[in-house]
There are 2 protein chains.
Amino acid sequence: MGIPASGATTLADVAARAGVSLKTASRAVNGEQHVREETRAKVLSAASDLGFQLNSSASLLARGIASSFVGVVTGDLANPFYAMLAQGAASELRAHQLSVTLGSSDESSAQEEVLVDELARRSVRAVIAASAMTSHAPYAALQRRGVPVVFVDRAPTDLDADSIVLDNAGGARAAAEHLLAGGHRRIAFLGDFERLPTYRERLDGFTAAMDAATGAVDAGWRELVREGAHDPEVAARVTGELLDAANPPTAIFASNNRATLGVLRELARRGDTTTALVGFDDFDLAEVLGVTVVAHDARAMGAQAARLVVERLADPRRDTELVRLPTRLVTRGSGERAPRA
Amino acid sequence: MGIPASGATTLADVAARAGVSLKTASRAVNGEQHVREETRAKVLSAASDLGFQLNSSASLLARGIASSFVGVVTGDLANPFYAMLAQGAASELRAHQLSVTLGSSDESSAQEEVLVDELARRSVRAVIAASAMTSHAPYAALQRRGVPVVFVDRAPTDLDADSIVLDNAGGARAAAEHLLAGGHRRIAFLGDFERLPTYRERLDGFTAAMDAATGAVDAGWRELVREGAHDPEVAARVTGELLDAANPPTAIFASNNRATLGVLRELARRGDTTTALVGFDDFDLAEVLGVTVVAHDARAMGAQAARLVVERLADPRRDTELVRLPTRLVTRGSGERAPRA
DNA sequence: GCGTTCGGTGACAGCGTTGTCACCGCGGTG
DNA sequence: CACCGCGGTGACAACGCTGTCACCGAACGC
């Protein structure tokens, strides 16, 4: 009943209609104590009559809170890894009355800088970032302003901040060792952009395994290390080149899900069913395709990041934490193919 | 220089430091005109010295704007369809100074209701929803309050609102006709939750094709229509049941990406390479696996939804629009397998 | 030379909410 | 019976910013 308000209805309207003071109405709609049940009911009914909704800007302002949003910066939501990460963070944050706002950088530093700037302008309460930048100055600026920044997947080296990363070296090493144990002597490594620490760590783990196997591996194994295979197209092309070479690898380690995708496309294209493959990152159809992978839990990573955010929000001066999440090798066949004689 | 501010620095601090009035500082940081370049530089430098950042709540409040966020409600971000949708919306909205806040309902009506409520509390400017609800009362409430709601993928029947959907019937019909043309007489239909309009439309299209082919198809084809295959596990189980039946289908139409995934798992598990398959929704590895699909552009859908939001924000009383996006059949092999003799 | 315009600047009153403090009346305490 | 404590309520001043309006001086037109 009553004409739909032309402008927005305010708490004052509700208070007037309920015949109470502004403050009492505020207490009622916020579920605070010190309000008689009867009064509260009166206010709530008036509010619902008017279709009232608290103005969050005004509320935030009055309470001296920047906002209730946490920015999540990822490379590309189309990558399920990031999507799961975001979802893990979002659901954990919701439990703490925080919402998530999203931005994709497409792995471009420039774009990411714009994103961070946008988040700053939105006065986000904290930021969770899977950063593709090498210099994290924009994040440092946020930190200085008291906005917690938690890095996921990739820890910054030029900034002291909470971070949560995978055991990249360990996972890659396990993959390499698995292939070596299977008798492979020529194993190709398909890396991502050189600047990404994840890639470098994975290469380190891979290298460690290869070095430990000196004598058992071809001396020239380093020639089979390729980088820059950030998207499936490049990965597919590089795979083709590797396999067309004079002395092709008998196994491939794809250092992330997109590289794996590219390898699979190329192998399928040429009907190659003998080259062994282990990929970093699990994916939906890996089971169907029988792809052996280094798996981990992206959702847990997001949730953990959210927890770090909440903890730092509670105590800004606590020591920064570096969480390293385990990976596990899931064998499904492609990594167990014997080397071609 | 100067001690890092204990609390937040305000525009007043900046103004004081620059020796100008509050209003002039405001004009300078907001890039408004009527400020001498020299003055602007002075203010900007003071702002950067102090690490100043405009308080968005205060700014929004003063300008009488609810917020700069648009809520995007989806089923589950882990589903690439939703992830792309969200990304499409986000990047289009960014061009209009709007940010996206995300919520996943896990396709649960209860959860979705909570989400919408949360969005309302955050005073979002508009909502884009891939709703799994049958009754859209919570959205109607938002609309009444002047918050534009745009439905994607699934249009509500109990609410007049801008919507953007796929040509579900057309896509499903094309898939069925394709299989029929290939000689199949027993085609199974794997549906989603019965309550989802997308599923019903796809079934309608499928039915239309089958009906048009009366005589050519088995009279009992309706027995091969199954629903509730919302996740891969159920889809896989149902597929198994269908194929184990006395008179199994020679082809399967999976009505969404998760159903397709389930079917693929089950076919792989039993080493079945003869049953034909067409899936609704494209996916990364479809090419590798040679899966024929009804494809569409989720990102475009999100972008289009964002455009509708912007338009309605500009003119709240314009007629609501229903956009129907085309689908296209992409043949890759699985849909072209001949029926078993 | 006087009125007019206009770029540049500032004072001030909100925007809608919440924190603080004060107040009122009632029941329990000594 | 005076006092205190406390549940319930309200007045009022913030919160940090922007819109409005007013003001000042310099450039301009006639």
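Chain letters run A, B, ... following the sequence lines, proteins first and then strands; every chain starts at 1. Please read all numbers here as calculations on a predicted model, not as lab measurements.
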Which part of the nucleic acid, if any, lies within reach of L60(A) when heavy atoms closer than 4.0 Å are counted: base, sugar-phosphate only, or nothing? nothing

Taking the side chain as everything from C-beta on, heavy atoms only, tell me whether T101(B) gets closer than 4.5 Å to L119(B). yes

Axial bend angle, the helix from dG1(C)-dC30(D) to dG30(C)-dC1(D): five-pair end segments, nearest 10°: 40°

Tell me the interatomic distance from N55(A), atom CG, to dG14(C), atom C1', rounded to whole angstroms. 14 Å

Please list, in numerical order, the residues of residues 20-27 of chain B that have a heavy atom closer than 4.0 Å to any atom of DNA chain D. L22(B), K23(B), S26(B)

Give the minimum heavy-atom separation between S56(A) and S123(B), together with the two atoms involved. N-OG, 3.1 Å

Residue-level proximity of residues 28-44 of chain B to DNA chain D when a heavy atom falls under 4.0 Å: N30(B)

Between D160(B) and Q143(B): side-chain donor-acceptor atoms closer than 3.5 Å: no

Once salt bridge (charged side-chain N to carboxylate O under 4.0 Å, His left out) is applied, what residue pairs with a partner in residues 81-103 of chain A remain, sequence neighbours excluded? E92(A)-R307(A), R94(A)-E118(B)

Does a salt bridge link D13(A) with R17(A), judged by any charged N lying under 4.0 Å from a carboxylate O? no

Can a donor-acceptor pair be found between the side chains of Y139(A) and E112(A) at a distance below 3.5 Å? yes

What is the 5' to 3' range of DNA chain D, first to last nucleotide, that sits under 4.0 Å from any heavy atom of chain A? dG7(D) to dG16(D)

V43(A) versus V29(A), closest heavy-atom pair with distance: CG1-CG1, 4.2 Å

Can you tell me which residue among S57(A), S99(A), S67(A) is in a side chain to side chain donor-acceptor pair (under 3.5 Å) with R122(B)? S99(A)

Give the C-alpha distance, both sets of side-chain angles, the deciding distance and a yes or no for side-chain contact (heavy atoms from CB on, under 4.5 Å) between V70(A) and I128(A). CA-CA 7 Å; V70(A) 172; I128(A) 293 176; 4.2 Å; yes

Give a yes-or-no answer on whether the side chains of S45(A) and S48(A) include a donor-acceptor pair shorter than 3.5 Å. no

Closest approach of L115(A) to S105(A) (non-hydrogen atoms, all atoms of both residues): CD1-N, 3.7 Å

Is the shortest distance from a Lys or Arg side-chain nitrogen in E107(A) or R154(A) to a carboxylate oxygen in the other one below 4.0 Å? yes

Does anything in residues 66-100 of chain A pair up under ring-ring contact (aromatic ring centres under 6.0 Å, His included), and if so which pairs, sequence neighbours excluded? F69(A)-F69(B), F81(A)-H296(A)

L61(A) has an atom CG; how far is it from atom P of dG14(C), in whole Å? 17 Å

